[in-house]
Amino acid sequence: MNWTRASRLPLIQQLLRTGHADFCEILIDNFFLVPPVELRRALGDVPVAFHIMHSRFLERDDTTLAAMASRLRLLARELKPLYISDHLLRFTVEGREVPIFPELEYGRVYEHTRQRVGLWQEMLGTQVYFENYPSLLETGREQPAFFEALVADTGMGVLFDLSNAICAWRNCGVKPEAWARLLPGVTHFHAGGYDVLPEPSTAFDTHGGELAGDTLLLMQETLAQARQATTLCIERDRDVGFEAWSRNLVAAREWGGRHAQ
């Protein structure tokens, strides 16, 4: 499960105490300045992972990025996360902030992305796992090959988001099988609810609602192939409550087996 804000700590602790989850992925951006001893006190001995949303490592200047990396290394040294993950996406278009983070133009940015992934991993002193994007447009068809090349050239890991892959399939026809060459080596997974707007039919990754049937089916099929699978984080960021989240976690365990957390 994912912990995104301090106010949800009692719910996180309840889900851990009842055994519905046995590790916690922290959206570390929102706890950046919290002393690691306080985070450990809040979660006890539960294994944790770090998920980064706003590193902006593709766009941020090196000096600022190095300062961020220094803090993340300190947190990692104290909390020993199972993994550190991030995103391959844009935060600006022609220098302007945008409300929805656009997907990369894969055919134009490979060399820049390769260099920045290498630099970010070097700064953090560890392999970073990058999450696949819930593609909206035709450019999403290029995403699996882009990830394959980056894995080969940089040694980065892949955090495979099952529901994002379903969104991409629904929106631009990228079948989950397009990721087949990468999946056997993937160790860490995400899944969450998504919403569909009717006109035109568009799937958005929202982390709200129940896990969809196609997500659960892909979960079952994928984890059966992923020989090194270690964790599956069930994300919930809307309509958050014990009954709803625990229901998602129970469903994920039934379909995904022991990895669902």
Side-chain angles (χ1 to χ4, degrees), residues 1-57 60 64-87 89 91 97 99-101 120 123-124 126 128-131 134 159 161 163-164 188-195 204-211 231-250 252 260-261:
M1 65 182 172
N2 61 319
W3 183 22
T4 59
R5 60 186 67 174
S7 61
R8 291 185 181 154
L9 178 59
L11 174 58
I12 296 295
Q13 291 172 326
Q14 184 181 10
L15 288 165
L16 291 169
R17 188 170 59 250
T18 57
H20 285 91
D22 50 22
F23 99 100
C24 181
E25 184 189 85
I26 304 171
L27 184 63
I28 201 65
D29 312 57
N30 290 349
F31 300 90
F32 204 64
L33 298 179
V34 177
V37 66
E38 295 297 330
L39 291 173
R40 182 48 72 197
R41 182 177 295 119
L43 296 173
D45 295 330
V46 170
V48 301
F50 291 174
H51 195 48
I52 307 169
M53 187 68 228
H54 290 279
S55 71
R56 303 174 66 144
F57 77 98
R60 201 181 293 276
T64 305
L65 197 62
M68 179 179 290
S70 176
R71 177 63 183 176
L72 284 167
R73 289 197 308 272
L74 183 150
L75 290 167
R77 187 165 59 248
E78 296 298 324
L79 295 173
K80 298 177 174 54
L82 298 170
Y83 59 85
I84 297 177
S85 56
D86 205 330
H87 298 78
L89 47 75
F91 291 82
E97 302 283 341
I100 297 178
F101 306 138
W120 191 216
M123 285 182 170
L124 290 173
T126 189
V128 179
Y129 294 78
F130 290 93
E131 180 178 341
L159 173 64
D161 191 306
S163 42
N164 282 3
H188 304 296
F189 294 84
H190 270 185
Y194 65 84
D195 291 344
F204 288 95
D205 176 46
T206 58
H207 304 164
E210 302 303 307
L211 294 172
T231 65
L232 169 57
C233 176
I234 305 303
E235 299 179 286
R236 188 99 186 191
D237 295 325
R238 197 192 68 206
D239 301 328
V240 177
F242 179 79
E243 293 300 327
W245 209 342
S246 61
R247 195 163 55 243
N248 275 4
L249 287 162
V250 168
Q261 302 170 18

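Residues: numbered from 1 along the sequence shown. On a predicted model such as this, the values are computed, not experimentally measured, just so you know.
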A.B. asks: Before you tell me yes or no, could you show the steps for Leu72 and Ile52 under side chain to side chain contact (heavy atoms under 4.5 Å, CB included), namely the whole-Å CA-CA distance, both residues' side-chain angles and the distance that decides it to 0.1 Å?
C.D. replies: CA-CA 10 Å; Leu72 284 167; Ile52 307 169; 3.9 Å; yes

A.B. asks: If I take atom OH from residue Tyr129 and atom CG from residue Asp86, how far apart are they, to the nearest 0.5 angstrom?
C.D. replies: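 Tyr129 atom OH to Asp86 atom CG measures 14.0 Å (nearest 0.5 Å).
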
A.B. asks: Determine yes or no for a side-chain-to-main-chain donor-acceptor pair under 3.5 angstrom, with Asp29 supplying the side chain and Met53 the backbone.
C.D. replies: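 Yes; judged by distance alone, with no hydrogens or angles, the pair exists.
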
A.B. asks: If you measure from OG on Ser55 to CD1 on Ile28, what distance do you get to the nearest 0.5 Å?
C.D. replies: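 These two atoms lie 13.0 Å from each other.
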
A.B. asks: Considering residues at least two apart in sequence or located in another chain, which fulfil the side-chain hydrogen bond (donor to acceptor under 3.5 Å, both in side chains) criterion with Trp3?
C.D. replies: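 Per chain and number, Trp3 pairs via side-chain hydrogen bond (donor to acceptor under 3.5 Å, both in side chains) with no residue.
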
A.B. asks: Do any N or O atoms from the side chain of Arg71 and from the backbone of Phe32 form a donor-acceptor pair under 3.5 angstrom?
C.D. replies: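 Flag set: sc Arg71 to bb Phe32 pair under 3.5 Å.
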
A.B. asks: Any chance you could measure Met1, atom CE, to Arg236, atom CZ, to the nearest 0.5 Å?
C.D. replies: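 So the CE of Met1 and the CZ of Arg236 are separated by 14.0 Å.
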
A.B. asks: Not counting sequence neighbours, which residues clear side chain to side chain contact (heavy atoms under 4.5 Å, CB included) with Ser7? List them please.
C.D. replies: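 Ser7: side chain to side chain contact (heavy atoms under 4.5 Å, CB included) contacts with Arg5.
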
A.B. asks: What closest approach, in Å, do Leu79 and Pro36 show between heavy atoms, and which atom pair accounts for it?
C.D. replies: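 Heavy atoms only, the tightest pair is CD2-O, 3.6 Å.
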
A.B. asks: Would you mind reporting whether Asn2 and Leu27 have side-chain heavy atoms less than 4.5 Å apart?
C.D. replies: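 Sidechains of Asn2 and Leu27: no contact.
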
A.B. asks: Under the rule for side chain to side chain contact (heavy atoms under 4.5 Å, CB included), what residues qualify as partners of Ala69, not counting sequence neighbours?
C.D. replies: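 By the side chain to side chain contact (heavy atoms under 4.5 Å, CB included) rule, Ala69 matches Arg73, Trp120, Met123, Leu124.
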
A.B. asks: Tell me, do Val48 and Leu39 make a side-chain contact under 4.5 Å, heavy atoms counted?
C.D. replies: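 SC-SC contact between Val48 and Leu39 ruled out.
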
A.B. asks: Taking all atoms of both residues into account, what is the closest heavy-atom pair of Leu16 and Ala21, and its distance?
C.D. replies: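 The answer is CD2-O, 3.5 Å.
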
A.B. asks: If every non-hydrogen atom of Phe31 is compared with every non-hydrogen atom of Ala6, which pair is closest and at what distance?
C.D. replies: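 Shortest heavy-atom contact: CZ-N, 3.8 Å.
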
A.B. asks: Excluding sequence neighbours, so at least two apart, what forms side-chain hydrogen bond (donor to acceptor under 3.5 Å, both in side chains) with His190?
C.D. replies: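 Testing His190 for side-chain hydrogen bond (donor to acceptor under 3.5 Å, both in side chains), a comparison that skips the adjacent residues, returns Glu25, Glu235.
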
A.B. asks: What residues form a side-chain hydrogen bond (donor to acceptor under 3.5 Å, both in side chains) with Thr4, not counting sequence neighbours?
C.D. replies: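 With neighbours one apart ignored, the set is Arg8.
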
A.B. asks: Could you tell me which residues satisfy salt bridge (charged side-chain N to carboxylate O under 4.0 Å, His left out) with Arg60, sequence neighbours excluded, listed by chain and number?
C.D. replies: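 So Arg60 forms no salt bridge (charged side-chain N to carboxylate O under 4.0 Å, His left out) with any residue.
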
A.B. asks: Please round to the nearest 0.5 Å and tell me the distance separating atom OG1 of Thr231 and atom OH of Tyr83.
C.D. replies: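 Nearest 0.5 Å value for the OG1-OH distance: 4.5 Å.
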
A.B. asks: Of all residues at least two apart in sequence or in a different chain, which pass the salt bridge (charged side-chain N to carboxylate O under 4.0 Å, His left out) check with Asp239?
C.D. replies: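 Applying salt bridge (charged side-chain N to carboxylate O under 4.0 Å, His left out) to Asp239 gives none.
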
A.B. asks: When rounded to the nearest 0.5 angstrom, what is the spacing between CG in Leu15 and CG in Asp22?
C.D. replies: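 Between Leu15 CG and Asp22 CG, I get 11.5 Å after rounding to 0.5 Å.
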
A.B. asks: Suppose we screen for side-chain hydrogen bond (donor to acceptor under 3.5 Å, both in side chains). Which residues come up paired with Thr18, at least two apart in sequence or across chains?
C.D. replies: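 Result, side-chain hydrogen bond (donor to acceptor under 3.5 Å, both in side chains) vs Thr18: His20.
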
A.B. asks: For Thr206, check side chain to side chain contact (heavy atoms under 4.5 Å, CB included) against everything at least two apart and list the hits.
C.D. replies: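 Side chain to side chain contact (heavy atoms under 4.5 Å, CB included) list for Thr206, sorted by chain: Asp195, Phe204, Arg238.
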
A.B. asks: Run the salt bridge (charged side-chain N to carboxylate O under 4.0 Å, His left out) test against Glu78 and tell me which residues pass, sequence neighbours left out.
C.D. replies: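 Expected list: none.
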
A.B. asks: Please give me the minimum heavy-atom distance between Val46 and Cys24, naming the atom from each residue.
C.D. replies: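 Val46 and Cys24 have their closest heavy atoms at CG1-N, 4.0 Å.
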
A.B. asks: What is the ring orientation for Phe130 with Phe57, classed by angle as parallel under 30°, tilted 30 to 60°, or perpendicular over 60°?
C.D. replies: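 Phe130 and Phe57: tilted rings.
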
A.B. asks: Between Ala76 and Pro81, which heavy-atom pair has the shortest distance, and what is it?
C.D. replies: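 Scanning both residues completely, I find the closest heavy atoms to be O-CD, 3.4 Å.
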
A.B. asks: Would a distance-only check, ignoring hydrogens and angles, find a side-chain to backbone donor-acceptor pair under 3.5 Å from Trp245 to Ile12?
C.D. replies: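 No.
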
A.B. asks: Output yes when a side-chain donor or acceptor of Ser85 lies under 3.5 Å from a complementary backbone atom of Phe50, and no otherwise.
C.D. replies: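 Such a contact is found between Ser85 side chain and Phe50 backbone.
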
A.B. asks: Calculate, to the nearest 0.5 Å, the distance between atoms CG and CG belonging to Leu232 and Asp161 respectively.
C.D. replies: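 Here the interatomic distance stands at 9.5 Å.
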
A.B. asks: Who passes side chain to side chain contact (heavy atoms under 4.5 Å, CB included) against Ala67, sequence neighbours left out?
C.D. replies: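 Counting only residues at least two positions away or on another chain, Ala67 forms no side chain to side chain contact (heavy atoms under 4.5 Å, CB included).
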
A.B. asks: Only pairs at least two apart or in different chains count here, so list each salt bridge (charged side-chain N to carboxylate O under 4.0 Å, His left out) that has a residue in residues 40-53.
C.D. replies: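 Those involving residues 40-53 are Glu38-Arg41.
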
A.B. asks: For the residue pair His54 and Phe101, categorise the inter-ring angle as parallel (less than 30°), tilted (30 to 60°) or perpendicular (more than 60°).
C.D. replies: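 The arrangement is perpendicular - the two ring planes meet at more than 60°.
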
A.B. asks: Ignoring hydrogens, what is the shortest heavy-atom contact between Ala252 and Leu211? Give both atom names and the distance.
C.D. replies: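 Closest approach of Ala252 to Leu211: CB-CD1, 4.1 Å.
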
